[in-house]
K.L.:
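Have a look at this one.
Quick note: numbers below take in every heavy atom, side chains included, and nothing from hydrogens, waters or symmetry partners. All values reported here derive from a predicted model rather than from experimental measurement.
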Amino acid sequence: MDKPLAIKVRNLITYIGNARGFQLIAAPDCPYRNHIGALLTDVVLQAGLNYQHVVAPRVYKVLKEYPVAYTINRFSAVLQKHSIETVLDWHDCEKQIRMIRILEFCKAQGIQDTYQLKLYLVNSKSNSDKFKSIRGIGDKTYDYLLKLLGVESVAVDRHVYKFVSDAGIIYKNYKEAKQIVEYAADMMQISRRTLDYSIWLYMSNKNRGVQLELCFD
């Protein structure tokens with residue numbers, strides 16, 4: 001029998017309190033939250049790729065080598081001049097096309113910078129639904145973008161799913177897993193982004209520990 005959402009939230013809070021080595025670490029601000037080129041590079045590339053070794057180097061490459069690409073029009077001009085493949089340092093057509101679709105969407109909505117993008121997304125559910133109608137922008141990618149923009153949100157990835165499951169909690173879908181973690185943060189009176197980040201750090205370190213045990217087994 002499925003338990004009420006409130007019970008699941010309290011169970012997660014209890015698990016957090018008892019989890020050995022779990023620490024609440026404040027989520028850092030995104031260092032390129034004002035640079036649309038670097039921000040969208042992160043959003044487009046992150047799905048399904050190793051962040052540290054694949055995504056981050058490309059994001060910071062855009063930030064460092066194309067500092068003028070802080071608006072949609074300027075970033076578009078950079079992509080046109082140097083080619084999207086060169087700027088992103090990525091050959092997969094699907095992610096390139098996704099970037100083009102996002103840029104076209106922003107232009108159509110009169111969005112030029114990260115501040116305008118943030119205002120647009122949080123203004124109404126209709127706006128968020130429109131953005132998520134872009135092919136390749138699912139719930140997780142959307143919530144990840146919100147986090148980069150500094151919006152209090154949880155992006156449910158494999159670490160969050162595993163953490164909630166380890167707490168013995170059964171969730172119906174992405175939406176409920178997200179609600180459980182976000183409401184837990186609210187009840188704990190901490191930032192949702194902070195709880196998301198703390199879970200990510202905890203699960204990442206836990207996984208590294210398992211890998212080390214296997215190496216020395």
K.L.:
As an exercise, state the distance from CG of L24 to CD1 of I190, rounded to the nearest 0.5 Å.
P.N.:
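Going from the CG atom of L24 to the CD1 atom of I190 covers 4.5 Å.
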
K.L.:
For H159 versus I199, what's the shortest heavy-atom pair and its separation?
P.N.:
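Smallest heavy-atom distance, with atoms named: O-CG2, 4.1 Å.
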
K.L.:
Any side-chain heavy atom of T114 within less than 4.5 Å of one from Y70?
P.N.:
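Not touching, per the 4.5 Å side-chain cut-off.
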
K.L.:
Determine whether K107 and N73 make a side-chain contact, defined as any pair of heavy atoms from C-beta on separated by less than 4.5 Å.
P.N.:
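K107 vs N73: side chains touch.
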
K.L.:
Establish, from distance only, whether the side-chain atoms of Y144 and D42 form a donor-acceptor pair under 3.5 Å.
P.N.:
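Y144 vs D42: donor-acceptor pair found between side chains.
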
K.L.:
Does the D196 side chain pair with the main chain of A155, one donor and one acceptor, at a distance under 3.5 Å?
P.N.:
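Side chain of D196 to backbone of A155: a pair is present.
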
K.L.:
Do V154 and L195 come within less than 4.5 Å of each other through their side chains, counting heavy atoms only?
P.N.:
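No, too far: nothing below the 4.5 Å cut-off.
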
K.L.:
Heavy atoms, side chains only, cut-off 4.5 Å: are K147 and C30 in contact?
P.N.:
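Not in contact.
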
K.L.:
So do the side chains of D186 and V9 get within less than 4.5 Å of each other, counting heavy atoms only?
P.N.:
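Not touching, per the 4.5 Å side-chain cut-off.
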
K.L.:
Between H35 and V62, is there a side-chain heavy-atom distance shorter than 4.5 Å?
P.N.:
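Yes. Closest side-chain heavy atoms under 4.5 Å.
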
K.L.:
Would you give the length of the straight line joining atom NZ of K61 to atom CG of L88, rounded to the nearest 0.5 angstrom?
P.N.:
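These two atoms lie 8.0 Å from each other.
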
K.L.:
Between D166 and K162, does any NZ, NE, NH1 or NH2 come within less than 4.0 Å of an OD or OE carboxylate oxygen?
P.N.:
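Salt bridge flag = yes for D166 with K162.
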
K.L.:
Would you say R33's side chain and Y115's backbone share a donor-acceptor pair under 3.5 angstrom?
P.N.:
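Between the backbone of Y115 and the side chain of R33 there is no qualifying donor-acceptor contact (under 3.5 Å).
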
K.L.:
As a quick check of understanding, evaluate side chain to side chain donor-acceptor pair (under 3.5 Å) for K140 and Q46, giving each step before the final call.
P.N.:
CA-CA 11 Å; K140 186 257 182 180; Q46 54 83 31; 2.6 Å; yes

K.L.:
Using modelled atom types and a 3.5 Å cut-off, is there a donor and acceptor pairing between side-chain atoms of N205 and backbone atoms of L201?
P.N.:
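Pair found, side chain donor or acceptor close to backbone of L201.
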
K.L.:
To the nearest 0.5 Å, what is the distance between CG on D113 and NZ on K118?
P.N.:
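Result: 12.0 Å between the selected atoms.
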
K.L.:
Counting only pairs under 3.5 Å, give me each side-chain donor-acceptor contact of residues 95-104, with atom names and distances, residues two or more places apart or in other chains.
P.N.:
residue : atom : partner : partner atom : Å
K95     : NZ   : V44     : O            : 3.3
K95     : NZ   : A47     : O            : 3.2
Q96     : NE2  : W90     : O            : 2.8
R98     : NH2  : E94     : OE2          : 2.9

K.L.:
Do the two ring centres, one from Y15 and one from F22, sit under 6.0 Å apart?
P.N.:
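Ring centroids of Y15 and F22 are no less than 6.0 Å from each other.
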
K.L.:
Short question: side chain of N127, backbone of Y120 - any donor-acceptor pair under 3.5 Å?
P.N.:
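Looks like yes, one N/O pair under 3.5 Å.
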
K.L.:
Looking at CD1 of I72 and CG of L117, how far apart are the two atoms once the value is rounded to the nearest 0.5 Å?
P.N.:
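Rounded to the nearest 0.5 Å, the CD1-CG separation comes out at 7.0 Å.
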
K.L.:
Please check if the side chain of E152 supplies one atom and the backbone of R192 the other of a donor-acceptor pair under 3.5 Å.
P.N.:
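Side chain of E152 to backbone of R192: a pair is present.
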
K.L.:
Using side-chain heavy atoms (C-beta onward) and a distance below 4.5 Å, is T41 in contact with F75?
P.N.:
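In contact.
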
K.L.:
Relative to each other, are the rings of Y142 and F131 parallel, tilted or perpendicular (30° and 60° limits)?
P.N.:
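The rings of Y142 and F131 sit tilted, inter-plane angle from 30° to 60°.
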
K.L.:
Between V181 and V156, does the side chain to side chain contact (heavy atoms under 4.5 Å, CB included) criterion hold? Intermediate values first, please.
P.N.:
CA-CA 9 Å; V181 178; V156 183; 5.8 Å; no

K.L.:
Quick one, V54 and L45 - any side-chain contact, counting heavy atoms below 4.5 Å?
P.N.:
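Contact flag for V54/L45 side chains = no.
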
K.L.:
Could you state the interatomic distance from CZ (R193) to CG (D29), rounded to the nearest 0.5 Å?
P.N.:
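The CG atom of D29 is 5.5 Å from CZ of R193, to the nearest 0.5 Å.
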
K.L.:
Can you tell me how far CD1 of I111 sits from CD of Q116, rounded to the nearest 0.5 angstrom?
P.N.:
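Taking CD in Q116 and CD1 in I111, the distance rounds to 7.5 Å.
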
K.L.:
Under 6.0 Å between ring centres: does that hold for Y171 and Y161?
P.N.:
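Aromatic pair counts; centres sit under 6.0 Å.
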
K.L.:
For the pair R10 (side chain) and A6 (backbone), establish whether a donor and an acceptor sit closer than 3.5 Å, ignoring hydrogens and angles.
P.N.:
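Side chain of R10 to backbone of A6, a donor-acceptor pair under 3.5 Å: no, none is there.
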
K.L.:
Donor-acceptor pair, distance only, cut-off 3.5 Å: does the side chain of S198 make one with the backbone of I25?
P.N.:
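Checking the backbone N and O of I25 against the side chain of S198, a donor-acceptor pair under 3.5 Å is found.
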
K.L.:
Looking only at heavy atoms, what is the nearest atom pair of I36 and A69, with distance?
P.N.:
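So the two residues come closest at CG2-O, 3.5 Å.
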
K.L.:
Salt bridge or not between K178 and D143? Use side-chain N to carboxylate O under 4.0 Å.
P.N.:
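Salt bridge flag = yes for D143 with K178.
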
K.L.:
If you measure from the Lys or Arg side-chain nitrogens to the Asp or Glu carboxylate oxygens, is any gap between K132 and D139 under 4.0 Å?
P.N.:
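D139 and K132: salt-bridged.
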
